[in-house]
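Remarks on the structure that follows.
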2 protein chains.
Amino acid sequence: MSAPRIAPIDDIRPSRLVRPSSQKKLDRLLSKAAALIAKNGFNAMTMRELSTALGMSLAGLYHYFASKEDLLFQLQYRTFAALLEQQEKIAEQPGTPEERLERLLTGHLQFYSRHTNELKVCTFELESLGPKPYKLAEEIRRRYYRLMASVVAQVIDGPAAGARETRQSRHASLYIFGMLNWIFMWYDPARHGSVEQIGREMRDMLLHGLKGTKRSG
Amino acid sequence: MSAPRIAPIDDIRPSRLVRPSSQKKLDRLLSKAAALIAKNGFNAMTMRELSTALGMSLAGLYHYFASKEDLLFQLQYRTFAALLEQQEKIAEQPGTPEERLERLLTGHLQFYSRHTNELKVCTFELESLGPKPYKLAEEIRRRYYRLMASVVAQVIDGPAAGARETRQSRHASLYIFGMLNWIFMWYDPARHGSVEQIGREMRDMLLHGLKGTKRSG
DNA sequence: TCGAATTTCGAACGTACGTTCGATATACTA
DNA sequence: TAGTATATCGAACGTACGTTCGAAATTCGA
C-alpha cells in the first residue's frame, strides 16, 4: 500500500486565480522569487526587487500573493510536496535497502539539479514562515525525513528493521541530509562532475566508509 | 613546522577601544549579537533590537562598530580564527590519519558546543559580508577546509598522501562538513546525547560505513 | 458588441531601518 | 582636584520597506 496522498496546495490555500494563463504566470513568479531568495535570503529580497525583476508592478504581485510570507509558503509547500511525491515513488520500487538508499540519494540530487533555487529556499528558509504555514510545510518535510530514516534503518539492521528505527539510524539519516543539503554551499557542475557521480560517491562512502570512495573514481 | 600564524583581528581592523572594560563589553556585545543573528538571520536582526537586548542606546553601538556589517565581520573573523587555531593544533598532534580525523570531528563538535551561536553565524552568514571583509574571513575558512581535506586524503590513500589531494578526498571532506554543519538544524543535547557521542558515530560511519554505526551504540 | 470579471498599476500610507551629530556623563591620569 | 579622553545617549535624518486603494486596462463569454 502506498503512502497517503499529499494534500495539494489548493486544498490548504485556495489560489483564487481563474485563468489558465494566470496559473502559468504564478509558476514564473515563484521561479523568479526562488532565484532572488536563493541568492541573498528571504529577508534580503524585497517585493520591489522582485517586481522589477519580473517587469511588473509592485501592487500587481498582491494579486497572486496575500503577503510576502504567503509567497514563501506557496514556494516551499509546492516544492516540498513535489520532492516528497518523487521520493516516495522511488522508495516504493523493489530492491535491496542499499539500492533504495542509492536511488533516494540520486533522486534527491536530480531534484536538486532541476529545482536548485526552490530546494535551496526550502532547505534554509522554513524558519522564516509564521507558525501555521510553518507547521504545514514542516509536516511534509518530516514525512520525508521519516522515509529516509526508515530506509537507512533497513540498510543498517536488515530489511525487516524498517518498522523500528534506532537512534543510530535516525542520526545517520540526519548526517545524510547534512551531506545532501550542504551541496548548496559548494557544488559547481563545471568543477565537481554530475550529480549522479556525486550520488555514487555518497553511496560508496555510506556503504563502505571513506576508503570506499575510491570505488567512485 | 607548524602552520603560519593567523593574523589577529586588530592587525586587520584596529578596534580603537582603549579601556580593558571596553574589550570585555565588546565580547558581551558580540555574544548577544550572535544569539540574535543565530535565531533569525543577520538581515532580520536590527540594531534597535540588539541595543534593546543589551540595555544600551542605539547610538552607543556605534562606538564599538563602524557599521552593522562591521559587527558581522568582527564576529565571524574572531570565531573562524579561534576555530582554525584550535583545529590546526589538534591536527598537529601525533597519531594515525584515522585518529587525527576523529580528533578533528570531536574538536569541531566541542567548539560547536561552546560557541553554538557564533559558529552558526559563521556557517550561514559569510555571504552577508561585502567583498573585502568576505575575502578576509573566507581565507580563514578555506584554510580550515584544506586542513580537513588533507587529513581525509591521508585516511583514504595512506599517510604519505597528504600532499596530493584527489577529487574523492576533496569531495569527501565537503560531505563531512555537510554532516558537521547540518547539526545546527537538528541537534538537541537533551534528545541526541553528547557531542562526543555524535563525533564517535560520525567517525564510525566515515571509517566503516552505515553498518559501522552499530559500533557507536 | 457589450457587460462582467479578472488583472494591472500609480500613488500613497504608516512603519521602521541604519546611521550621524552634538551634548552629556563617566573614567582616568597627573 | 582638574583637565582630558573615552563612552554614552536623545533626537533626528534620509531612505526604503510591505501593503492598500481606487482607477484603468484587459480578457472572456454571451
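Chain letters run A, B, ... following the sequence lines, proteins first and then strands; every chain starts at 1.
Summarising the geometry, the separation between CE on A/Met56 and P on C/dT8 is reported as 6 Å, rounded to the nearest angstrom. One can place CG of A/Leu58 at 13 Å from P of C/dA11, the figure rounded to the nearest angstrom.
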Q: Could you summarise the pairing of DNA chain C as dot-bracket text, marking Watson-Crick and G-U pairs under 3.5 Å with ( ) or [ ] inside the strand and | across strands?
A: ||||||||||||||||||||||||||||||

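A/Gln23 and A/Asp27 share no side-chain donor-acceptor pair at under 3.5 Å.
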Q.
For nucleotides 23-30 of chain C, give me one character per nucleotide, 5' to 3': B if any protein heavy atom sits under 4.0 Å from the base, S if the only such contacts are to the sugar-phosphate, - if neither.
A. ----BS--

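Here the two rings, on B/Phe177 and B/Tyr145, have centers that are under 6.0 Å apart.
Taking the ring-ring contact (aromatic ring centres under 6.0 Å, His included) definition, one finds that B/Phe73 meets it with B/Tyr77, sequence neighbours left out. With sequence neighbours excluded, the residues forming a salt bridge (Lys or Arg N to Asp or Glu O under 4.0 Å) with B/Glu88 are B/Arg143, listed by chain and number.
Annotation: cation-pi geometry satisfied between B/Lys68 and B/Phe42 (NZ/CZ under 6.0 angstrom from ring centroid, within 45° of ring axis).
Listed for the A/Arg100 side chain is a donor-acceptor partner under 3.5 Å among the backbone atoms of A/Ala91. Looking only at distances, a side-chain donor or acceptor of A/Ser173 sits under 3.5 Å from a matching main-chain atom of A/Arg170.
If you check residues 61-75 of chain A against DNA chain C, the residues with a heavy atom closer than 4.0 Å are A/His63, A/Tyr64, listed by number. Contacts between residues 22-54 of chain B and DNA chain C, counted as heavy-atom distances below 4.0 Å, involve B/Met45, B/Thr46, B/Met47, B/Arg48.
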